[in-house]
Amino acid sequence: MCGIAGFFGKRVFAPDKDKILNCLNLMKIRGPDNQNCTSKNVGDYKLVMLHSRLSIIDPNDISNQPMEDKNGMISFNGEVYNYIELKKK
């Protein structure tokens, strides 16, 4: 089980660091193995993504979330059942 939370809205209404840390602390019960936060300014808006992770199948740090590359950002809560076949590709 993992935890996902986020905010997207005007920067003036964005949560401050203390509120983000408090939220991550509350989410720890959902995913005690890693808690992380990513934020981006988008014009007058702010995007904040929070994730708490329970590592069952993949304990590697490279799988911590939110994940980001040149194409975007994602926070995923679920299980990919055919991950062995996909990994071969």
Side-chain angles (χ1 to χ4, degrees):
M1 192 176 324
C2 297
I4 296 174
F7 169 85
F8 183 74
K10 294 269 189 180
R11 275 196 247 177
V12 296
F13 300 117
D16 61 24
K17 186 177 181 177
D18 289 338
K19 288 183 181 177
I20 290 170
L21 292 175
N22 185 45
C23 185
L24 283 173
N25 189 44
L26 291 170
M27 290 169 53
K28 197 172 213 173
I29 195 167
R30 303 273 305 172
D33 298 318
N34 180 266
Q35 291 80 40
N36 201 4
C37 172
T38 300
S39 64
K40 299 280 182 193
N41 291 322
V42 183
D44 291 337
Y45 295 87
K46 186 166 192 96
L47 168 68
V48 180
M49 293 179 72
L50 297 89
H51 190 94
S52 62
R53 180 170 175 243
L54 176 62
S55 309
I56 296 174
I57 295 175
D58 183 7
N60 296 315
D61 288 345
I62 195 168
S63 300
N64 291 339
Q65 298 181 52
M67 294 180 179
E68 184 176 7
D69 68 9
K70 62 182 175 75
N71 296 311
M73 189 184 313
I74 188 170
S75 189
F76 176 75
N77 187 13
E79 186 171 346
V80 179
Y81 290 99
N82 63 336
Y83 69 93
I84 294 172
E85 293 85 2
L86 292 173
K87 191 173 184 178
K88 290 176 185 176
K89 290 182 181 183

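In this text, all values refer to a predicted model and were calculated from it rather than measured experimentally.
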Going by side-chain hydrogen bond (donor to acceptor under 3.5 Å, both in side chains), Arg53 matches just one of Asn64, Asp33, Asn77. Which one?
Asn64

Quick check: is Ile84 connected to Val80 through a chain of hydrophobic side chains (ILVMFWY, heavy atoms under 4.5 Å apart)?
yes

When rounded to the nearest 0.5 Å, the distance separating CD1 of Ile4 from CE of Met27 is 7.5 Å

Counting distance only, does the side-chain N/O of Asp69 pair as donor-acceptor with the main-chain N or O of Gly72 below 3.5 Å?
yes

Is Val48 reachable from Val12 through a run of I, L, V, M, F, W or Y residues, each pair having side-chain heavy atoms under 4.5 Å apart?
yes

Kindly indicate whether the side chain of Ser39, heavy atoms from C-beta on, has any atom under 4.5 Å from the side chain of Lys46.
yes

Shortest non-hydrogen contact from Pro66 toward Cys37
CD-N, 4.5 Å

With sequence neighbours excluded, residues passing salt bridge (charged side-chain N to carboxylate O under 4.0 Å, His left out) with Lys19
none

Once rounded to the nearest 0.5 Å, what's the spacing between atom CG of Asn36 and atom CD of Gln65?
9.5 Å

Can you find a pair of side-chain heavy atoms, one from Met49 and one from Lys40, that are under 4.5 Å apart?
no

Do other residues, nucleotides or ligands put more than 12 heavy atoms under 6.0 Å from the CG atom of Asn41?
yes

Report the distance from atom CG of Leu54 to atom CD1 of Ile56, rounding to the nearest 0.5 Å.
4.0 Å

Taking only residues two or more places apart in sequence or in another chain, which ones pass side chain to side chain donor-acceptor pair (under 3.5 Å) with Asp58?
Asn60, Ser63

Closest approach of Glu79 to Ile57 (non-hydrogen atoms, all atoms of both residues)
OE2-CD1, 3.5 Å

Looking at Gly3, is its backbone amide N or carbonyl O close enough to the side chain of Ser52 to form a donor-acceptor pair, meaning the two atoms are under 3.5 Å apart?
yes

Only one of Phe13, Phe8, Phe7 passes ring-ring contact (aromatic ring centres under 6.0 Å, His included) with Tyr45, and that residue is Phe8

Roughly how far apart are Leu26 CG and Leu21 CG, rounded to 0.5 Å?
11.0 Å

Closest approach of Pro15 to Ile20 (non-hydrogen atoms, all atoms of both residues):
O-CD1, 3.8 Å

From the list Met67, Glu68, His51, side-chain contact (heavy atoms from CB on, under 4.5 Å) partner of Ile74 resolves to Met67

